[in-house]
Amino acid sequence: DWVDQAASLGERLGMDVVHGATIDRDPPDPAVPDGPRRRYGNALLSAHPVGAWQALRLPGTARREARGLVDARVDVDGTTVRVVVTHLQNRSGRERREQAAHIVDLLASDGDRPAPTVLLGDMNAGPDTPEMRTLTAVLTDAWAAVGDGPGHTFPARRPFARIDHVVVSSGVTPVAAEVVDTRASDHLPVVADLDL
């Protein structure tokens with residue numbers, strides 16, 4: 001019924017929601033031009049208040065699906081935490097490497113006193129790939145730090161790959177990580193407990 005899924009989940013869960021569309025199409029019914037747009041992208045749902053945020057495009061070629069990220073500041077009990085949510089290219093390792101390097105540059109733009117940062121999403125890359133090594137050169141992989149077992153998340157029915165990640169900056173300590181067995185998506189979710 002053309003429901004804004006992120007907004008609906010946020011309302012049902014009592015969470016702040018931000019959504020950055022990477023695909024934005026006209027309403028489904030041409031007879032209702034001011035109807036709901038069809039948007040696809042990255043969303044952040046937070047139990048803590050979301051302050052400033054922006055949706056940014058990631059580098060990539062026009063012939064592949066556009067990729068982006070949501071870069072938000074979240075107030076966690078008086079501490080500002082930078083939360084970045086993304087979904088990297090699935091069909092090109094070269095584009096994923098460019099996207100990972102772009103994210104590292106973006107995080108470095110926070111200056112000399114960066115906020116504690118959590119980067120999470122479907123990276124479409126295993127932990128030992130060049131793109132993940134680019135990210136983990138400056139961030140800590142929560143699963144590698146505290147997870148138990150292989151941490152496979154894809155595909156949900158018979159997972160064999162760990163391509164969904166939670167990585168954190170200094171100032172954020174992973175305490176626990178688990179993969180939850182559910183069929184809510186084609187990926188299994190990673191849940192990480194983090195200490196500020």
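Bear in mind that the values here come from a model prediction, so they are computed numbers and not experimental data.
Taken together through direct or relayed side-chain contacts under 4.5 Å among Ile, Leu, Val, Met, Phe, Trp and Tyr, Leu120 and Trp53 form part of one hydrophobic cluster. Each of Val168 and Val175 belongs to its own hydrophobic cluster when Ile, Leu, Val, Met, Phe, Trp and Tyr are linked at side-chain heavy-atom distances under 4.5 angstrom. Leu139 and Val172 fall into different hydrophobic clusters, where Ile, Leu, Val, Met, Phe, Trp and Tyr residues are linked whenever their side-chain heavy atoms come under 4.5 Å apart, directly or through other members.
Gln89 contributes no side-chain N or O that, together with a main-chain N or O of Gly60, makes up a donor-acceptor pair within less than 3.5 Å. Counting only distance, with no hydrogens or angles, the side chain of Arg97 and the backbone of Gly93 share a donor-acceptor pair below 3.5 Å. Checking side-chain atoms of Thr86 against main-chain N and O of Gly68 turns up a donor-acceptor pair under 3.5 Å. Between the side chain of Ser8 and the backbone N or O of Asp4, no donor-acceptor pair lies under 3.5 Å. Formation of a donor-acceptor pair under 3.5 Å by the Arg67 side chain with backbone atoms of Leu88 is found in this model. Counting only distance, with no hydrogens or angles, the side chain of Gln54 and the backbone of Val70 share no donor-acceptor pair below 3.5 Å. Using a distance-only test at 3.5 Å, with no hydrogens or angles considered, a donor-acceptor pair links the side chain of Thr182 to the main chain of Ala184. Between the Thr117 side chain and the Ala115 main chain, a donor and an acceptor come within less than 3.5 Å of each other. When atom types are taken as modelled, the side chain of His165 and the backbone of Ala125 share a donor-acceptor pair closer than 3.5 angstrom. Remark: the backbone N or O of Thr153 is not paired with any side-chain donor or acceptor of Arg162 at under 3.5 angstrom.
Looking only at side-chain heavy atoms (C-beta outward), Val118 and Leu194 come within less than 4.5 Å of each other. Side-chain atoms of Asp75 and His48, non-hydrogen and from C-beta on, never get closer than 4.5 Å to each other. With contacts defined as side-chain heavy-atom distances shorter than 4.5 Å, the pair Pro150/Phe160 does not qualify. Side-chain contact between Tyr40 and Thr22 is present, with at least one heavy-atom pair separated by less than 4.5 Å. Residues Asp141 and Pro127 are in side-chain contact: their nearest non-hydrogen atoms beyond the backbone lie under 4.5 Å apart. At least one side-chain heavy atom of Met132 sits less than 4.5 Å from a side-chain heavy atom of Met123. Residues Ser46 and Met15 are not in side-chain contact: their nearest non-hydrogen atoms beyond the backbone lie 4.5 Å or more apart.
Among Asp193, Val167, Val166, Val146, the single residue meeting the side chain to side chain contact (heavy atoms under 4.5 Å, CB included) criterion with Pro174 is Val146. Partner Leu44 forms a side chain to side chain contact (heavy atoms under 4.5 Å, CB included) with one of Asp16, Val17, Leu69, Val85 and no other, that one being Val85.
For the residue pair His152 and Val179, the shortest heavy atom distance occurs at O-CG1, 3.6 Å. Heavy-atom minimum distance, Ala177 versus Ala142: CB-O, 4.3 Å. Here the shortest heavy-atom pairing between Leu45 and Gly10 reads CD2-N, 3.6 Å. Of all the heavy atoms in Pro27 and Pro33, the pair that sits closest is CG-O, 3.4 Å. Shown here for Ala55 and Gly20, the closest heavy-atom pair between the two residues is CB-CA, 3.6 Å. Nearest heavy atom pair, residue Val50 against residue Ala72, reads CG1-CB, 4.0 Å.
Take Thr61 and apply the side-chain hydrogen bond (donor to acceptor under 3.5 Å, both in side chains) test, not counting sequence neighbours, and it matches Glu95.
Ion pairing of Asp181 with Arg157 is absent here, as no side-chain N (NZ or NE/NH1/NH2) approaches a carboxylate O to less than 4.0 Å. Remark: Asp71 engages Arg82 in a salt bridge, criterion side-chain N to carboxylate O under 4.0 Å. A salt bridge links Arg73 with Asp110: at least one charged nitrogen is closer than 4.0 Å to a carboxylate oxygen.
Side-chain atoms of Asp122 and His87 form a donor-acceptor pair, as typed in the model, at a separation below 3.5 Å. When only modelled atom types and interatomic distance are considered, Asp195 and Thr173 share no side-chain donor-acceptor pair under 3.5 Å. Under the 3.5 Å distance criterion, with hydrogens and angles disregarded, a donor-acceptor pair is assigned to the side chains of His187 and Asp164.
Residue pairs satisfying the salt bridge (charged side-chain N to carboxylate O under 4.0 Å, His left out) criterion with at least one member in residues 19-29, sequence neighbours excluded, are listed as follows: Asp24-Arg37, Asp24-Arg39, Asp26-Arg37.
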Applying side-chain contact (heavy atoms from CB on, under 4.5 Å), run through Thr80 and Val74 and close with a yes or a no. CA-CA 6 Å; Thr80 299; Val74 178; over 6 Å; no

Give the C-alpha distance, both sets of side-chain angles, the deciding distance and a yes or no for side-chain contact (heavy atoms from CB on, under 4.5 Å) between Glu98 and Thr134. CA-CA 10 Å; Glu98 290 173 3; Thr134 295; over 6 Å; no

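Considering CG of Leu119 and OG1 of Thr140, their distance stands at 12.0 Å, rounded to 0.5 Å. For the atom pair Gln99 CD and Asn124 CG, the distance stands at 9.5 Å (nearest 0.5 Å).
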